[in-house]
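If you read the sequence from its start, that first residue is 1, and numbering goes on from there. Please read these numbers as outputs of a predicted model, since none were measured by experiment.
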Amino acid sequence: MICRAAEGTASQGNVHRRGAALHNLGMNERRASGLPMNVVFVLVGAVLGIVLAIGWWWLDDARVLVRLQAHAAPAGLVYAGESGHGVVLARIDNHLGDVQGYEVWLGRAVNSDTPYGHVVEVPDGWDAQNMRVDWLPDGVGLVFADAGRIFVPDDQFTGGR
């Protein structure tokens, strides 16, 4: 009997200790969902980090076309039976305001609200600010201030391209 009483007292003490342990969970306190709070914080932090990373990527990678120069072909100049061609020098910015580079757009609809035409990237390091356009019978010559030159044959920017 004495042994049983001692066993009963010991088991009642264990129940009391378990109850105290469940009462003092602190950061591991369980929410109604059954997840410990620290797991919830980690999950919320991971989701927030992913959303911020995607937002930053979108802001940094998106392209904003800023027209710097527009050149119209001389009156009467016809390429592949088409007239009214133009050349637009554009700076490409991202939504954060950083310059990503420069492009030259060639074609009949390059100076519209929704530009469409053949695109030539200006190589990094070239001075694109003072570009000159040479309208030639078989294409367009793009001459840059630092003596860089690009020739674009007329078949690249005619026929809807």
Asker: Does some side-chain heavy atom of Val140 sit less than 4.5 Å from a side-chain heavy atom of Asp134?
Answerer: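 Result no, sub-4.5 Å side-chain heavy-atom pair not found.
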Asker: How close do Asp93 and Gln100 get, heavy atom to heavy atom, and via which atoms?
Answerer: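 In terms of heavy atoms, the two residues are closest at O-OE1, 4.0 Å.
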Asker: Return the minimal non-hydrogen interatomic distance between Leu106 and Val87, and the atom names on each side.
Answerer: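 Closest approach of Leu106 to Val87: CD2-CG2, 3.9 Å.
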Asker: Can you name the ring-ring contact (aromatic ring centres under 6.0 Å, His included) partners of Tyr102, sequence neighbours left out?
Answerer: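 Not a single residue meets the ring-ring contact (aromatic ring centres under 6.0 Å, His included) criterion with Tyr102.
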Asker: Count I, L, V, M, F, W, Y as connected when their side-chain heavy atoms are under 4.5 Å apart, and connections chain through other members. Are Leu48 and Val42 then in the same cluster?
Answerer: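 Hydrophobic grouping puts Leu48 apart from Val42.
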Asker: Can you find a heavy atom in the side chain of Met131 that is under 4.5 Å from one in the side chain of Val104?
Answerer: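 Met131 reaches Val104 side chain to side chain.
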Asker: Contact between Thr158 and His85 at the side-chain level, heavy atoms closer than 4.5 Å - yes or no?
Answerer: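 The answer is yes, as the side chains (C-beta and beyond) meet within the 4.5 Å cut-off.
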Asker: Do any N or O atoms from the side chain of Asp154 and from the backbone of Tyr79 form a donor-acceptor pair under 3.5 angstrom?
Answerer: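 Not a single qualifying donor-acceptor pair exists.
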Asker: Do the non-hydrogen side-chain atoms of Gln129 and Leu68 ever get within less than 4.5 Å of each other?
Answerer: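 In short, these two side chains touch, coming nearer than 4.5 Å.
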Asker: What's the shortest heavy-atom distance between Leu136 and Gly141, and which atoms?
Answerer: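 Of all heavy-atom pairs spanning Leu136 and Gly141, the closest is CD1-N, 4.3 Å.
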Asker: Of the non-hydrogen atoms in Gly117 and Val110, which two are nearest, and what is the gap between them?
Answerer: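 Heavy atoms only, the tightest pair is CA-CG1, 4.1 Å.
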Asker: Are side-chain heavy atoms of Asn130 and Phe144 found at a separation under 4.5 Å?
Answerer: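 Not touching, per the 4.5 Å side-chain cut-off.
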Asker: Looking only at heavy atoms, what is the nearest atom pair of Arg67 and Val88, with distance?
Answerer: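 Looking at all heavy atoms of both residues, the shortest contact is CG-CG1, 3.8 Å.
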Asker: Is there a side-chain contact between Ile150 and Trp126 in this structure, where contact means two heavy atoms from C-beta onward sitting under 4.5 Å apart?
Answerer: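 Yes, at least one pair of side-chain atoms sits under 4.5 Å.
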Asker: Please check if atom CG in Asp124 has more than 12 non-hydrogen atoms from other residues, nucleotides or ligands closer than 6.0 Å.
Answerer: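 No - once you tally the heavy atoms of other residues, nucleotides and ligands closer than 6.0 Å, there are 12 at most.
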Asker: ring-ring contact (aromatic ring centres under 6.0 Å, His included) with Trp105: which residues, sequence neighbours excluded?
Answerer: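 If we apply the ring-ring contact (aromatic ring centres under 6.0 Å, His included) test to Trp105, skipping adjacent residues, there are no hits.
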Asker: If I compare all heavy atoms of Val122 with all of Ala128, which pair ends up nearest, and what's the gap?
Answerer: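 Taking Val122 first and Ala128 second, the nearest heavy atoms are CG1-CB, 4.1 Å.
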